[in-house]
Amino acid sequence: MTENTQQSNHSAPELPTQYTPADVEGPLYERWVERGYFTADAKSEKPPYAIVIPPPNVTGALHLGHAFQVTLMDALTRRKRMQGFETLWLPGMDHAGIATQNKVEQQLAEEGKSRYDLGREAFTERVWQWKDEYGGRILGQLRRLGAGLDWSRERFTMDEGLSRAVQTIFKNLYDDELIYRAERIINWCPRCLTAISDIEVDYQDDDGELVSLKYGEGDETVVVATTRVETMLGDTAVAVHPEDERYAHLIGKRIKLPLTNRTIPVVADAHVDPEFGTGAVKVTPAHDPNDFAIGQRHGLDTLTVMDERGVITASGPFQGLDRFEARSAIVAALREAGRVVAEKRPYVHSVGHCSRCKTTVEPRLSLQWWVKVDTLAKAAGDAVRDERVALHPKDMEKRYFDWVDNLNDWCISRQLWWGHRIPVWYGPGGEVVCVGPDEEPPSGEGWTQDEDVLDTWFSSGLWPFSTLGWPERTPDLAKFYPTDVLVTGHDIIFFWVVRMMMFGLYSMDEIPFKTVALTGLVRDEFGKKMSKSNPNAVDPLDWMDAYGSDAVRFTLARGANPGADVPIGEDWVQASRNFANKIWNATRFAMMNGATTEGPLPEPSELSATDRWILSRLNATVAEVNALYDDFQFAKLSDTLYHFAWDEVFDWYVELSKTTFFAGGPAAEVSRRVLGEVLDVTLRLLHPVVPFVTETLWTTLTGRESVVVADWPADSGFRDAAAEQEIVLVQQVVTEVRRFRSDQGLQPGQKVPARLDLSGTALAAHEAAVRSLLRLQPAGEDFSATASLPVAGATVALDLSGAIDVEAERKRLTKDLSAAEKEKAQALGKLGNEAFLAKAPEKVVDKIRGRLETAEADIVRISAQLAALPTA
RNA sequence: GGGCGCAUAGCUCAGCGGUAGAGCGCUGCUCUUACAAAGCAGAUGUCGGCGGUUCGAAUCCGUCUGUGCCCACCA
């Protein structure tokens with residue numbers, strides 16, 4: 001949009017007949033930012049409203065999932081800003097440890113190098129370079145969407161302040177003995193070469209093979225079944241159920257392990273299910289979490305037979321083989337030794353995969369850092385249980401509780417280079433010192449820092465307060481913590497929401513947010529999952545280019561039923577674009593006809609019924625939209641606005657007002673002011689969802705600075721039920737006669753002489769409008785009524801002089817008549833039912849009575865219409 | 001193996017105890033002095049199956065079928 005939109009509304013600005021978002025959006029966004037609309041003031045007296053954005057990965061490009069959540073957050077904050085809150089929506093990015101490291105390693109691989117060729121320092125330097133070069137992309141895309149983020153407060157999980165926060169909480173947790181180091185079986189990715197936490201493992205059903213193997217010699221043999229033959233090299237026991245008669249004689253004895261010269265004990269452990277397989281289990285404590293637990297209970301050795309890449313290290317013929325090669329090689333060797341008693345049989349079982357690279361996870365005994373979660377998780381659960389934090393939709397709370405009530409300790413160390421290095425130092429004599437952010441690391445010979453970095457979710461767990469300056473007591477922290485709403489996908493409740501709850505409650509002794517609004521996933525128009533890895537994925541930028549940001553936003557908002565997945569297709573974005581264009585043209589028309597927002601709104605006594613009707617509906621819509629916003633019902637509020645604006649304001653009010661405008665005079669002046677008011681309020685209501693088109697039109701209409709900082713509409717309380725009923729009557733008459741015209745094959749524009757008898761009805765005042773909408777001309781001298789339509793107590797007589805298809809009309813009316821008679825019979829049946837009258841609430845009975853009356857009136861009306869038809 | 005959810009118009013979804021709704025699509029007529037990215041009119045559903053509760057059920061209960069998601073130490 002150019003300079004001409006900035007002039008006052010009285011000069012009827014020239015706007016093109018089509019809305020072209022591309023001309024408007026970029027400059028408007030820049031203007032908003034320059035004027036500081038999105039910059040929060042911690043010293044403000046206004047009540048605070050804060051949202052922190054779920055930080056996208058630095059590696060990320062904007063996809064529809066982001067666009068969706070960002071649209072909702074933007075709508076929430078824009079409305080609150082208009083409502084007079086000191087609104088902060090804080091942007092930032094996540095360093096996304098493993099994801100980013102993988103990305104840069106890929107880039108290195110293309111140059112034929114690995115991270116080890118560079119060394120730790122040079123490698124992380126390279127990642128920072130990468131981040132500076134590509135990392136800002138997604139933030140630019142958020143601007144394109146119109147996201148009203150406070151760029152002066154942009155944060156990054158690896159920036160200095162946030163790193164300080166990480167070190168501080170690590171030290172605090174360590175001192176409180178909530179962080180510890182322990183050797184356990186962890187999930188290990190042999191490709192990423194790092195430990196990953198339980199929730200970073202994706203389980204999927206894989207085809208495997210179950211092999212039955214005979215262990216032992218002579219009378220003392222036992223058959224075990226396994227899908228992981230290669231781990232037999234590390235077996236240190238066979239376990240059976242303590243009460244299993246079949247194996248009672250073996251318990252406590254040692255049997256020979258095939259392919260080795262070792263013997264292993266048979267132990268009794270209740271973990272073994274005697275019903276499963278042979279009821280005997282091989283035990284490999286170093287390579288299976290269950291076996292590790294059994295080993296702990298029975299004091300078994302742990303024998304590691306594989307290295308970090310999944311290559312066999314046990315000396316012998318299999319040494320140096322990859323785990324899967326080893327599997328077939330060992331099966332072959334066992335078969336040769338006559339140890340395979342039942343051949344491999346296909347077996348589908350659940351196998352863990354690295355959520356980053358899909359490599360099969362290898363359980364591995366390893367020394368790692370852990371967060372002890374019991375008290376933290378308890379606090380996180382309690383905060384939701386006693387309703388300090390609300391989850392929307394509420395049924396998500398069950399999932400949340402199931403998780404926090406059954407949480408295992410969290411493995412936080414990662415064998416990566418990109419991330420927050422663990423602030424722990426080891427001395428030459430095995431001393432361990434945890435160093436806080438302001439402390440010097442121990443100096444002297446032999447002190448080394450822990451090589452590992454922290455799980456990326458460790459730092460994002462601090463996001464709601466680290467971004468506000470914690471551990472410093474900053475004005476931002478005082479003003480904006482706890483934040484108000486967290487908008488995020490239900491798929492990261494466990495990764496992120498729970499961690500923020502635990503850390504927020506621990507560090508701040510206060511919840512991190514009051515409400516969690518959980519969203520679903522964005523899907524394509526057939527309900528198929530759409531993600532960046534799927535071929536049906538759409539780049540939202542393409543749609544924004546083609547249809548405008550408002551169209552993409554409105555489509556997403558309109559699909560946002562609480563917690564549910566959002567389907568989106570190009571046709572729907574097009575429809576939203578059409579809506580934006582409709583708003584554009586309706587407002588443009590209104591301005592061309594002098595709609596104004598200047599001067600006081602006339603008193604109801606000065607207003608026509610049409611004006612009172614639309615103002616009544618307007619205020620009801622304000623109330624409804626407010627209630628829906630407070631309940632995060634974006635789909636419903638968008639739909640409500642769509643229908644109010646398009647159907648009621650644009651299709652009926654504007655059309656009904658045309659006669660008044662064109663007639664001129666004081667009535668026209670009043671109506672122009674009302675239309676200005678209605679558009680002013682409607683544009684303000686629409687602004688949080690479709691910011692660009694509303695800003696362009698509102699500033700032009702009102703001549704004021706910006707709708708971004710305009711007041712949010714308040715329900716004045718004005719309602720006029722009588723006017724609403726009156727307009728419903730007008731709509732009925734108009735629709736009825738239009739249908740008649742359409743049925744008769746009259747062209748929409750064809751003028752028809754008519755005599756209207758509206759006396760004694762509320763319609764009398766609307767004759768001019770009705771005539772105009774129905775293209776009815778005054779009846780002349782030679783008027784001859786060929787059709788007479790009694791509707792709503794009035795009569796509309798038309799002179800169609802032979803244009804009528806009498807038979808078609810008779811058919812239609814006969815059909816309507818039988819429908820009305822059926823309705824009457826149904827209502828009578830109900831009202832004659834004693835049980836119904838006795839038990840149904842009064843208002844339902846009244847409704848049925850009303851229905852009966854309507855049906856009877858319809859019968860009279862239609863009968864009259866039938867009688868009025870000329871005979872052929 | 002446990003838990004949660006969903007099955008409503010061709011498609012995507014609202015409705016969740018009182019005569020079946022929306023958007024898109026579809027049919028017909030129109031460039032009727034803001035908009036054809038539009039206007040007007042219209043058609044379309046035994047609300048997954050079977051039982052039950054109720055005066056009344058798409059809506060509550062049971063059950064079956066189909067489908068999706070989450071959790072779990074399925075050797």
Side-chain angles (χ1 to χ4, degrees), chain A residues 15 17-19 185 203 205 210 224-228 239 271-273 276-284 288-294 347-350 363 395-396 398-399 402-403 406 490-491 493-494 520-521 523-527 529 547 551 555 558-559 561 563-569 571-572 574-593 635-636 639 642-643 650-651 654-655 658 662 734-735 738-743 745-751 772-773 775 823 826-827 830 833-841 843-845 847-848 851:
Chain A
L15 294 177
T17 62
Q18 278 195 353
Y19 172 55
I185 294 273
Y203 286 90
D205 282 344
L210 192 64
V224 299
T226 181
T227 53
R228 303 210 50 210
H271 166 77
V272 179
D273 175 7
F276 188 96
T278 60
V281 190
K282 63 188 271 307
V283 181
T284 323
D288 182 278
N290 292 320
D291 293 4
F292 183 74
I294 294 175
Y347 184 72
V348 176
H349 61 144
S350 182
D395 52 5
M396 286 291 179
K398 189 173 163 41
R399 196 185 282 189
D402 284 350
W403 172 261
N406 300 293
H490 62 66
D491 55 328
I493 294 178
F494 308 139
L521 272 44
R523 294 174 177 272
D524 71 13
E525 68 264 49
F526 305 110
K529 190 173 170 176
Y547 306 111
T555 309
R558 210 172 174 196
N561 286 117
D565 290 345
V566 187
I568 186 169
D571 286 354
W572 308 351
Q574 246 176 54
S576 298
R577 183 272 314 265
N578 295 354
F579 179 49
N581 194 50
K582 187 71 187 181
I583 300 170
W584 177 267
N585 272 300
T587 310
R588 177 172 148 259
F589 168 79
M591 288 188 285
M592 290 188 327
N593 284 282
K636 287 200 180 66
D639 205 54
Y642 179 92
H643 286 292
F650 305 154
D651 281 348
V654 168
E655 293 302 324
K658 276 181 178 174
F662 298 153
V734 170
T735 303
R738 274 177 178 163
R739 185 168 66 163
F740 179 80
R741 289 184 55 122
S742 178
D743 287 348
L746 295 181
Q747 299 205 328
Q750 187 180 335
K751 299 253 172 39
S772 159
L773 289 175
R775 319 277 153 197
E823 175 67 34
Q826 275 180 356
K830 281 224 165 184
N833 182 332
E834 297 292 326
F836 169 73
L837 290 175
K839 298 212 176 178
K843 96 178 175 196
V844 174
V845 178
K847 209 168 164 182
I848 304 288
R851 219 177 280 158

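Every chain is numbered from 1 and lettered A, B, ... according to where its sequence line falls, protein lines coming before strand lines.
Residues satisfying the ring pair (Phe, Tyr, Trp, His ring centres under 6.0 Å) criterion with F292(A), sequence neighbours excluded, are absent altogether. Residues forming a ring pair (Phe, Tyr, Trp, His ring centres under 6.0 Å) with Y547(A) (at least two apart in sequence, or on another chain): none.
Of the candidate nucleotides rA37(B), rC11(B), rG5(B), rC11(B) has the atom nearest to the side chain of F526(A). Closest to the side chain of P841(A), from the set rA41(B), rG18(B), rC13(B), is rG18(B). Closest to the H349(A) side chain, of the nucleotides rA75(B), rC69(B), rG5(B), is rA75(B). If you check rA75(B), rC13(B), rC35(B) against the side chain of T17(A), the one that comes closest is rC35(B). When each of rU19(B), rA41(B), rA37(B) is scored by its nearest atom to the side-chain atoms of T735(A), the top-ranked nucleotide is rA41(B).
Neither OP1 nor OP2 of rC35(B) sits under 4.0 Å from any side-chain N or O of N578(A). A close approach under 4.0 Å does occur between a side-chain nitrogen or oxygen of R851(A) and OP1 or OP2 of rU19(B). At the phosphate of rG39(B), OP1 or OP2 sits under 4.0 Å from a side-chain N or O atom of K582(A). Close to rA34(B), at under 4.0 Å from its OP1 or OP2, lies a side-chain N or O of K658(A).
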Please enumerate all protein N or O atoms sitting under 3.5 Å from an N or O of nucleotides 22-27 of chain B, with distances to 0.1 Å.
| unit_1 | atom_1 | unit_2 | atom_2 | d |
| --- | --- | --- | --- | --- |
| rA22(B) | O2' | H643(A) | NE2 | 3.2 |

Which protein N or O atoms sit under 3.5 Å from an N or O of nucleotides 28-31 of chain B?
| unit_1 | atom_1 | unit_2 | atom_2 | d |
| --- | --- | --- | --- | --- |
| rU30(B) | OP1 | Q747(A) | NE2 | 3.1 |

Might you list the N or O atoms of the protein lying below 3.5 Å from N or O atoms in nucleotides 15-17 of chain B, with each pair's distance?
| unit_1 | atom_1 | unit_2 | atom_2 | d |
| --- | --- | --- | --- | --- |
| rG15(B) | OP1 | K636(A) | NZ | 3.4 |

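Within 3.5 Å, no donor on the side chain of Q574(A) pairs with an acceptor on the base of rA37(B), nor the reverse. Remark: the S350(A) side chain and the rC74(B) base include a donor-acceptor N/O pair separated by less than 3.5 Å. On a pure distance criterion of 3.5 Å, no polar donor-acceptor pair joins the side chain of R738(A) and the base of rA41(B). Applying the 3.5 Å distance criterion, the base of rA34(B) shares a donor-acceptor pair with the side chain of E655(A).
Counting non-hydrogen atoms under 4.0 angstrom, P567(A) reaches the backbone sugars and phosphates but no base. In this structure, E823(A) reaches the bases: a heavy-atom distance under 4.0 Å links it to at least one base atom across the strands shown.
To the nearest 0.5 Å, the span separating NE2 on H349(A) from OG1 on T227(A) amounts to 4.5 Å.
Taking the P atom of each, rA41(B) and rC61(B) are spaced 41 Å apart, rounded to whole Å. Comparing the P positions of rU54(B) and rG49(B) gives a spacing of 22 Å, expressed to the nearest Å. Comparing the same atom, P, in rC6(B) and in rG17(B) gives a spacing of 14 Å after rounding to whole Å. Taking atom C1' on both nucleotides, rA9(B) is separated from rA14(B) by 13 Å, rounded to a whole Å. Of the C1' atoms belonging to rC13(B) and rU8(B), the separation is 9 Å, rounded to the nearest Å. The separation of rU53(B) from rA22(B), taken at their C1' atoms, amounts to 32 Å, rounded to a whole angstrom.
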**Q.** Canonical and wobble pairing (Watson-Crick, G-U, under 3.5 Å) of RNA chain B, dot-bracket with |
**A.** ((((((((.[[[[.)..(..]]]].(((((.......))))).....[[[[[..)....]]]]])))))))....

